[in-house]
Amino acid sequence: MKKFLRILLIYIPLGLIALSVLWVFVLKWVPVLRTPLMDVRKIENREDRSFKTRYKWVPLEQVSENMMMAVMASEDTRFLSHNGFDKVEIHNAIEEMKSGKRKRGASTISQQTAKNVFLFPSRTMLRKGVEAYFTVLIEKIWGKRRILEVYLNVMETGKGVYGVQAAAQYYFKTDASKLNVQQSALIAASLPNPLKRDPAHPSSYMYRRAGQIKSLMYKIPRPEWDEDKK
């Protein structure tokens, strides 16, 4: 009985931790080929014969800086300075919840990347805990440059559309490296609700949001990757 408990309470958790760390180390260099969300969406649309997964990995060097700045301006203005968790946004979200206002999102690009790559979509406390664990791992092992590279490649940008290259080709008939400021801002404006927002046919709200994003793009720090490349 003691041996069984030792295996259950010590060896299995240690094994899972070791596997998760190894997984993160491998993905520091290997492109992410699929994500759990892609599989979920495929199952959800299994009766839709027109459904197609559009996804193509591109290295960060082949992504327009406009797109990098747009997602940081839209999703996480303090991405380059926080440790994976934005304390300011968490505080603001708690205050808004206390006041009864509409719930405010506080997830960083790091948290969203951890969720997209390693977890199936759900809203349980257990999933949030595992998400936090993987967020710490990728911050420590990958660094900001790799996190942004992975995020830009796996983010859901439409029905069956994942990543900046697929979005650029599908919506604007161009490549990720050639996205201009307006196109980048419109893609970023669609991210909170990519299944209902179309960057190629933006609503008046999306135009306004894209304008806000473009304004922020020139105010937040631009990335310097020298330390991450060493």
Side-chain angles (χ1 to χ4, degrees), residues 8-9 12-28 30-48 51-55 57 71 74-76 79 82-87 89-98 100-142 146-164 166-167 187-197:
L8 184 65
L9 299 177
I12 290 179
L14 287 176
L16 291 174
I17 291 171
L19 284 174
S20 65
V21 173
L22 177 61
W23 190 6
V24 173
F25 263 111
V26 169
L27 291 182
K28 179 178 174 66
V30 176
V32 178
L33 300 180
R34 292 192 67 79
T35 67
L37 181 60
M38 292 180 193
D39 294 326
V40 168
R41 295 292 188 232
K42 190 172 183 179
I43 293 171
E44 290 175 347
N45 292 276
R46 60 187 177 277
E47 296 182 2
D48 183 354
F51 181 80
K52 178 183 178 181
T53 298
R54 295 173 173 86
Y55 175 57
W57 177 277
V71 296
S74 173
E75 299 294 292
D76 189 357
F79 170 68
H82 63 60
N83 65 352
F85 306 94
D86 190 332
K87 295 178 181 179
E89 288 300 319
I90 292 172
H91 172 76
N92 291 339
I94 292 172
E95 291 302 312
E96 288 192 6
M97 186 172 61
K98 287 179 179 178
K101 295 181 181 178
R102 191 176 73 174
K103 290 184 179 180
R104 177 192 188 99
S107 291
T108 63
I109 285 176
S110 303
Q111 289 174 276
Q112 293 180 52
T113 304
K115 175 186 68 177
N116 289 342
V117 174
F118 300 104
L119 302 170
F120 284 95
S122 69
R123 294 182 177 276
T124 65
M125 290 303 295
L126 175 61
R127 196 225 67 183
K128 291 299 291 184
V130 179
E131 175 190 300
Y133 168 74
F134 275 107
T135 298
V136 172
L137 282 186
I138 63 175
E139 279 280 338
K140 297 294 184 183
I141 296 173
W142 289 2
R146 179 61 173 177
I147 291 172
L148 186 60
E149 181 176 52
V150 173
Y151 177 78
L152 286 165
N153 272 285
V154 304
M155 60 186 184
E156 186 178 32
T157 55
K159 185 178 179 180
V161 185
Y162 304 93
V164 61
I187 292 173
S190 75
L191 293 179
N193 199 348
L195 299 183
K196 293 186 177 181
R197 298 179 185 175

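Here, residue 1 is the first one in the sequence, and each next residue gets the next number.
Side-chain contact check for F79 versus I147: some heavy-atom pair is nearer than 4.5 Å. A heavy-atom distance below 4.5 Å is found between the side chains of L27 and W142. Between V32 and N153 there is no side-chain heavy-atom pair separated by less than 4.5 Å. When side chains are defined from C-beta on, V154 does not count as touching Y162, because their heavy atoms never get closer than 4.5 Å. The closest side-chain heavy-atom distance from L137 to F118 is not below 4.5 Å. Under the 4.5 Å side-chain criterion, counting only non-hydrogen atoms from C-beta, H82 is not in contact with E89. Looking at heavy atoms from C-beta onward, P192 lies in side-chain contact with E75 at the 4.5 angstrom threshold.
Within the model, atoms CD1 of I43 and CD of E47 stand 12.5 Å from one another, a figure rounded to the nearest 0.5 Å. Y151 OH to T108 OG1: the interatomic distance, rounded to the nearest 0.5 Å, is 10.0 Å. Rounding to the nearest 0.5 Å places CG of L19 at 11.0 Å from CG of L14. To the nearest 0.5 Å, atom CG of residue L33 and atom CE of residue M38 are 9.0 Å apart. The CG atom of L191 sits 9.0 Å away from atom CD1 of I109, with the distance rounded to the nearest 0.5 Å. The CZ atom of F120 sits 14.0 Å away from the NZ atom of K115 when rounded to the nearest 0.5 Å.
Partners of D76 under the salt bridge (charged side-chain N to carboxylate O under 4.0 Å, His left out) rule, at least two apart in sequence or in another chain, do not exist in this structure. A search for salt bridge (charged side-chain N to carboxylate O under 4.0 Å, His left out) contacts involving R197 returns nothing, not counting sequence neighbours. Every salt bridge (charged side-chain N to carboxylate O under 4.0 Å, His left out) that R34 has, sequence neighbours left out, goes to D39.
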Chi angles and distances behind the side-chain contact (heavy atoms from CB on, under 4.5 Å) call for K128, S122: CA-CA 9 Å; K128 291 299 291 184; S122 69; over 6 Å; no

Worked verdict on V71 versus M155 for side-chain contact (heavy atoms from CB on, under 4.5 Å): CA-CA 10 Å; V71 296; M155 60 186 184; 4.3 Å; yes

Could you go step by step and tell me if F85 and V136 meet the side-chain contact (heavy atoms from CB on, under 4.5 Å) rule? CA-CA 9 Å; F85 306 94; V136 172; 3.9 Å; yes

Could you go through the side chain to side chain donor-acceptor pair (under 3.5 Å) check for T135 and Q111 one step at a time? CA-CA 5 Å; T135 298; Q111 289 174 276; 5.2 Å; no

Could you go through Y133 and S20, starting from their C-alpha distance and side-chain angles, then the distance that decides it, and tell me whether this counts as side-chain contact (heavy atoms from CB on, under 4.5 Å)? CA-CA 10 Å; Y133 168 74; S20 65; 2.6 Å; yes

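A donor-acceptor pair under 3.5 Å links the side-chain atoms of R146 to the main chain of K28, judged by distance alone. Checking side-chain atoms of K159 against main-chain N and O of F51 turns up no donor-acceptor pair under 3.5 Å.
Taking the six-membered ring where the residue is Trp, W23 and F134 present perpendicular rings, their angle passing 60° and hence far from 30°.
Across every non-hydrogen atom of S74 and A188, the tightest pair is OG-O, 3.3 Å. The shortest heavy-atom contact between A167 and T157 is CB-OG1, 3.5 Å.
A side chain to side chain contact (heavy atoms under 4.5 Å, CB included) with E156 holds for exactly one of T35, L37, N193; it is L37.
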